[in-house]
Amino acid sequence: MRIATWNVNSIGARLPRVLEWLEAAEPDVVALQELKCTSDDFPHLPIRALGYEAVAHGNGRWNGVALLSRVGLEDVTLDLSGQPEYEGVVETRAVGATCGGVRVWSVYVPNGREPDHDHYAYKLAWFDALRGTVASELAADPALPYAVIGDFNVAPTDADVWDIAQFANSTHVTPAERQALADLRAEGLADLMPRSLKGEPYTFWDYRNGAFHRGWGMRIDLIYANSPFVALAQDTWVDREARKGKGASDHAPLVVDLTDPVTVSP
DNA sequence: ATGCCCTATGATATAGGA
């Protein structure tokens, strides 16, 4: 089973690239983030034509997440348990589903903007709701392969940004954000590190200043998986090709291949 | 090489991204 996560930075603007990528990469389950559309405006038709059913959770101009699957899409959950509001709104940043015997969450963690901004406190509160949701789901079915995948908007270590000196007084690298990731790991999830291509683990490169061709990237799209999921994982990588050329998202897909769960024959 | 910001909006500037 092939599972991927991709912040597409608008499904409307990215649809040609997304369809092209689905046909070429043939993933079974895909988590999308930053749809920038409403649930009703999600392009179900062309995606269904490629064999995927989808659940989209979006409320307009910003945010929005989806799960695509060609191996079943069951027990769909919109939003986290106790998900905090921002400016009075529960934003569309999380959707979970069980696909082909694997429980997956597509998450788009708030950016945080600046360490002294309200959005940063919101980000940390959002992580706490994610931790709580994960804890209760893992306890309910410890043997179920389980992963939270998406844009976490945190670089787990200094090696996950091209130059840590550029991040003084910035979000994405602060001790509190990294502690939020550590708290998730403490609930039983592991950071499934992608195989390094060109010596870089990055999943995001800013559009500005030619960041991609200069190697100015960040690893902020992550796969946080429990032991049963990790035990099935064969290979994990970033599809840098999808970041190239005209009309690309500023994020690349992060992909993991799992062996299909073994069926015991008599 | 991959090539020097992009996207959506009651738009013609602004907010957000990270």
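These values consider heavy atoms only, across backbone and side chains, with no hydrogens, waters or symmetry-generated copies.
Here the closest non-hydrogen pair linking A/Tyr202 and A/Gly215 is CE1-O, 3.4 Å.
Atom C1' of B/dC5 sits at a distance of 25 Å from the matching atom of B/dG10, rounded to the whole Å. For the P atoms, the distance linking B/dC4 with B/dT14 amounts to 26 Å, nearest Å. Spacing between B/dT2 and B/dG16 at atom P, rounded to whole Å, works out to 35 Å. B/dC6 and B/dA11: their P atoms are spaced 23 Å apart (whole Å).
For an aromatic pair to be called close, the ring centres must be under 6.0 Å apart, and A/Phe152 with A/Tyr224 satisfies this. Between A/His119 and A/Tyr86, the distance from one ring center to the other falls under 6.0 angstrom.
Comparing A/Arg240 and A/Ala13 against DNA chain B, the residue whose closest nucleotide sits nearer the 5' end is A/Arg240.
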Side-chain donor-acceptor pairs of residues 33-43 of chain A under 3.5 Å, sequence neighbours excluded:
{"unit_1": "A/Gln33", "atom_1": "OE1", "unit_2": "A/Thr5", "atom_2": "OG1", "d": "3.4"}
{"unit_1": "A/Gln33", "atom_1": "OE1", "unit_2": "A/Asn7", "atom_2": "N", "d": "3.3"}
{"unit_1": "A/Gln33", "atom_1": "NE2", "unit_2": "A/Thr5", "atom_2": "OG1", "d": "3.0"}
{"unit_1": "A/Gln33", "atom_1": "NE2", "unit_2": "A/Ser106", "atom_2": "OG", "d": "3.1"}
{"unit_1": "A/Glu34", "atom_1": "OE2", "unit_2": "A/Asn7", "atom_2": "ND2", "d": "3.1"}
{"unit_1": "A/Glu34", "atom_1": "OE2", "unit_2": "A/Tyr108", "atom_2": "OH", "d": "3.4"}
{"unit_1": "A/Lys36", "atom_1": "NZ", "unit_2": "A/Asn9", "atom_2": "OD1", "d": "2.9"}
{"unit_1": "A/Thr38", "atom_1": "OG1", "unit_2": "A/Asp41", "atom_2": "N", "d": "3.1"}
{"unit_1": "A/Thr38", "atom_1": "OG1", "unit_2": "A/Asp41", "atom_2": "OD2", "d": "3.2"}
{"unit_1": "A/Ser39", "atom_1": "OG", "unit_2": "A/Ala56", "atom_2": "O", "d": "3.3"}
{"unit_1": "A/Ser39", "atom_1": "OG", "unit_2": "A/Gly58", "atom_2": "N", "d": "3.0"}
{"unit_1": "A/Ser39", "atom_1": "OG", "unit_2": "A/Gly58", "atom_2": "O", "d": "3.3"}

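The backbone N or O of A/Val8 lies less than 3.5 Å from a partner atom in the side chain of A/Arg14, making a donor-acceptor pair.
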Quiz item: Nucleotide by nucleotide, 5' to 3', does protein get under 4.0 Å of the base (B), only the sugar-phosphate (S), or neither (-) in nucleotides 10-18 of chain B, counting heavy atoms?
Solution: ----BBSBB
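Across all strands shown, A/Lys123 has no heavy atoms under 4.0 Å from either base or sugar-phosphate atoms.
In this structure, NZ of A/Lys198 is placed 9 Å from P of B/dT2, rounded to the nearest angstrom.
Using cut-offs of 30° and 60° for the angle between ring planes, the A/Trp205 and A/Phe212 rings count as perpendicular.
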